[in-house]
Amino acid sequence: GHRRNDDFNGAEQEGVGLYQVTQKNGRRWSAARAYLKPARTRSNLTVITGARATRLQLDGKRCRGVEYRRKGTVETLEARKEVIVSAGALQSPQLLLLSGVGPAEELARHQIPLRHELPGVGENLQDHPDYVTGYSSKDTRLVGMGPAGIWNTTKGLIDYWTRGTGYLTTNFAEGGAFLKTRPELDRPDIQLHFVVSIVDDHARKLYLRHGFSCHVCVLRPKSRGTLRLTSSDPLAAPEINPGFLANPDDFDTLKAGVCQMKALLETPPLAPFRHEELYGESTCSDSELDHLIRQRTDTVYHPIGTCRMGRDDMAVVDPECRVRGLDNLRVVDASVMPNLIGGNTNAPTIMIAERIADGMKTTA
């Protein structure tokens, strides 16, 4: 009942189709493989692994380097030009806060000396609230851990390593959709990821059965969360409050998306693959569905916004990703996005880095 779309990145996003993926020769092609590996023999690149950045070195309003911990030893690196923080939407703001850059009240709560007040650090956390459902299946071509799955995996390993083809080249979420929950909308407001295996608790729970799953997420949530420190200890995990469904409009959109997803999964073409519904949505009342959504909504790994770009007082970086009010310091990752995009965040984050790198090269 929905139009096919062979290019979600083309003129029209709406529709159902197969995802474009970051793969090469059947293998996932990460930013590390694409950018770092070809450059790792260059004399002007040093890669330090097993290290954790713990604090930025500030000299007044100038960032002069970074402190990090490796094998229990604290070491420092001095920067001749700039320090670029690319620790992601959860740990870039954590590193700024640990360095005394952020809301004065939050820093005082942990007895961290204020070096530069920026009230927006750690605010504006956004993520696509996501709900997953699934079915077990008697079709052993789907990914599973039963005897047939073990055989498929063994054979797949041979195909994968020798030819870069076969069963293990799957990215699992091969197909999906961008859909509208209401026809009058000018663009899709939900996204589906169809998965060729059972997904439960971020794949922490393993099933011996074969099956399939489907995610649905709200593309442009109105809810906002926060990231806070739990301690001045740089190795302590921060407090992450995603704020999922805090705005009732997000709940309504997600509920409509769950119902639309279920209708698709229960269409006749999927009947041969369906065996047992795993979570109970197909028989639940409105109140039971409401409870399931509130109980099971989770992250789809798209956090952004905690060091957002802008020109107002709550902005953390300017349009060139330079930290406002400080010299020689940039944040370049998904944390600088002011608002969530209507899709996956991986490629746009790489695009941001490309754009900033080009700007830095022209001014070097």
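Side chains included, hydrogens not; waters and symmetry mates left out as well; all remaining heavy atoms used. The structure presented is a predicted model; accordingly, all values stated were derived computationally and were not measured.
- Between the side chains of His193 and Asp130, no donor-acceptor pair of N or O atoms lies under 3.5 Å.
- At most 12 non-hydrogen atoms from other residues, nucleotides or ligands lie less than 6.0 angstrom from CD of Glu105.
- At most 12 heavy atoms of other shown residues, nucleotides or ligands fall within 6.0 angstrom of atom CD in Glu12.
- A salt bridge links Arg330 and Glu82; the closest N-O separation between the charged side-chain nitrogens and carboxylate oxygens is under 4.0 Å.
- Salt bridge annotation for Arg182-Glu184: present, with a cationic side-chain nitrogen under 4.0 angstrom from a carboxylate oxygen.
- Every residue meeting the side chain to side chain contact (heavy atoms under 4.5 Å, CB included) condition with Tyr68, not counting sequence neighbours, appears here in chain and number order: Ile48, Ala51, Arg70, Glu75, Leu77.
- For Lys24, the side-chain hydrogen bond (donor to acceptor under 3.5 Å, both in side chains) criterion is met by no residue, not counting sequence neighbours.
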>> Evaluate Asp59 against Gln57 for side-chain hydrogen bond (donor to acceptor under 3.5 Å, both in side chains), listing each step before the verdict.
In response: CA-CA 7 Å; Asp59 185 1; Gln57 298 286 315; over 6 Å; no
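- For the 3.5 Å distance criterion, the side chains of Thr230 and Glu239 fail to qualify, holding no donor opposite an acceptor.
- The aromatic rings of Phe8 and Phe178 sit perpendicular, their planes meeting at an angle over 60°, well past the 30° parallel limit.
- Ion pairing between Lys361 and Asp358 holds under the 4.0 Å rule for side-chain N and carboxylate O.
- Side-chain atoms of Asp139 and Ser137 include no donor-acceptor pair closer than 3.5 Å.
- In this structure, a donor-acceptor pair under 3.5 Å is absent between the side chains of Gln23 and Asn171.
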